[in-house]
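Each remark here refers to the structure printed beneath this line.
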2 protein chains.
Amino acid sequence: MSTAIKTFAARGYYGTSTMDVATAAGISQGYLYRLFKDKPTLFAALIDYCSDRLRESVAVAAASVRGTDPEAALAALTASYDDVIADRDVLMILLHAQGSASEPVIGEALRRCYARQVEYIRSVSGASDAQIRRYFADALLSNVVVAIDADTIDAPWARTLRA
Amino acid sequence: MSTAIKTFAARGYYGTSTMDVATAAGISQGYLYRLFKDKPTLFAALIDYCSDRLRESVAVAAASVRGTDPEAALAALTASYDDVIADRDVLMILLHAQGSASEPVIGEALRRCYARQVEYIRSVSGASDAQIRRYFADALLSNVVVAIDADTIDAPWARTLRA
DNA sequence: CACTAATGAGATTGGTTACTCACTTACATG
DNA sequence: CATGTAAGTGAGTAACCAATCTCATTAGTG
């Protein structure tokens with residue numbers, strides 16, 4: 001499962017063949033189709049997996065700030081998000097998923113992921129709509145910074161985009 | 001050029017064949033390879049085109065707020081950004097490009113686009129790093145909302161994500 | 001031991017892909 | 001008219017892809 005994520009993370013849904021995934025996972029392509037109905041279903045399963053990882057991370061961070069005000073709680077969640085995307089794979093899957101959302105099964109999985117995340121964050125932080133929106137906006141900017149390697153570039157524009 | 005954008009916008013770099021693009025543009029696939037060296041070069045050209053569109057849009061909005069304070073200027077720019085992504089194609093190209101940034105030619109084009117945009121916005125608005133970062137974070141959230149069709153969904157999480 | 005179900009590999013199929021190339025048309029300019 | 005060249009085509013090729021089908025191995029059960 002995590003090998004599949006690594007594989008898809010590199011070149012996305014369309015850019016990765018089922019053979020690539022099977023080889024990386026050390027199984028035959030045929031067996032892959034016994035484990036998953038088809039390619040969209042496989043990719044959607046990876047999104048669900050990433051969704052779980054994100055939720056776990058939020059849960060851990062939320063436990064340590066129970067009872068504080070929403071603003072401080074969100075700050076802690078943002079910090080934990082930066083931890084999750086540090087390994088770059090979960091992040092890239094979500095990023096690629098956005099581009100493959102026209103595939104129905106994938107689009108649904110992605111919307112499920114966002115829905116879950118928004119409501120969970122709302123419930124543990126008690127934040128307002130505007131605050132939650134800011135949280136996601138910051139997270140998405142972090143995504144892009146990592147995706148385009150702006151975090152390793154020493155230029156004014158890159159320094160501006162990262163905090 | 002704009003037909004190529006429409007085509008790639010639907011399924012991204014890896015999900016769109018050069019044949020798809022040629023057919024949509026009403027030319028033969030062979031001629032496409034006379035116009036562009038190879039597939040990555042073609043896609044990078046589209047990114048440059050989108051970069052130009054974005055810059056134009058910023059230029060127009062900036063002209064009408066010359067001399068005001070940075071905060072108000074940025075607000076105007078954000079509004080103009082929402083106009084640009086209204087047609088959804090430019091937006092989708094940029095979104096897909098993030099997922100194809102591992103392709104060297106594409107990654108470079110994308111970084112060029114961001115660099116240009118950041119510095120241009122800085123120069124016309126005089127905004128601080130933090131303000132510029134907020135501008136981009138908001139823009140990226142708008143991107144995602146459109147990409148996952150959250151703007152047409154009537155659910156609490158979707159309403160939270162859009163302003 | 002015999003029977004069955006799960007787990008796995010390999011070959012195959014029908015279709016698509018990026019990219020090339022030999023060839024034509026149209027339009028110049030001397 | 002001749003000659004050069006830009007604009008354009010259609011048929012290829014070799015590789016690759018998702019998906020399925022067949023066959024071998026293992027494990028468990030009675």
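In what follows, chains are A, B, ... by sequence order, proteins preceding strands, each numbered from 1.
In this structure, A/Leu74 is not a member of the same hydrophobic cluster as A/Val65, with clusters built from ILVMFWY side-chain heavy atoms closer than 4.5 Å.
At whole-Å resolution of the value, OH in A/Tyr31 and P in D/dA24 are 19 Å apart. When rounded to the nearest whole Å, the span between CZ of B/Arg34 and C1' of C/dC19 equals 14 Å. Remark: P of C/dT17 and OH of B/Tyr13 are 13 Å apart, rounded to the nearest angstrom. Rounded to whole Å, atom C1' of D/dT9 lies 16 Å from atom OH of B/Tyr33. If you measure from atom CZ of A/Phe8 to atom P of D/dA18, you get 8 Å, rounded to the nearest angstrom. Distance B/Lys39 NZ to C/dT16 P: 15 Å, rounded to the nearest Å. Atom CG in B/Leu35 sits roughly 10 Å away from atom C1' in D/dG8 (whole-Å rounding). Taking atom CZ of A/Phe36 as the reference point, atom P of C/dT7 lies 13 Å away to the nearest angstrom.
The side chain of A/Gln29 sits closest to D/dA18 out of D/dT9, D/dA18, C/dC19.
At a cut-off of 3.5 Å, with distance as the only test, a side-chain donor of B/Ser51 or B/Arg116 sits close to an acceptor on the other residue. With hydrogens and angles left out, the side-chain atoms of B/Thr7 and B/Thr16 include no donor and acceptor closer than 3.5 Å.
Of the residues near DNA chain D, A/Asp20 and B/Ile27, the one whose nearest nucleotide (by heavy atom distance) lies more toward the 5' end is B/Ile27.
Between B/Tyr13 and B/Phe8, the angle of the ring planes stays under 30°, which puts this pair in the parallel group of the 30/60° scheme.
Counting non-hydrogen atoms under 4.0 angstrom, A/Ser17 reaches the backbone sugars and phosphates but no base. Contact annotation for A/Gly26: backbone-only contact, meaning every heavy-atom pair under 4.0 Å involves sugar-phosphate atoms and none involves a base.
Side-chain nitrogen and oxygen atoms of A/Thr18 include at least one within less than 4.0 Å of the OP1 or OP2 phosphate oxygen of D/dA18.
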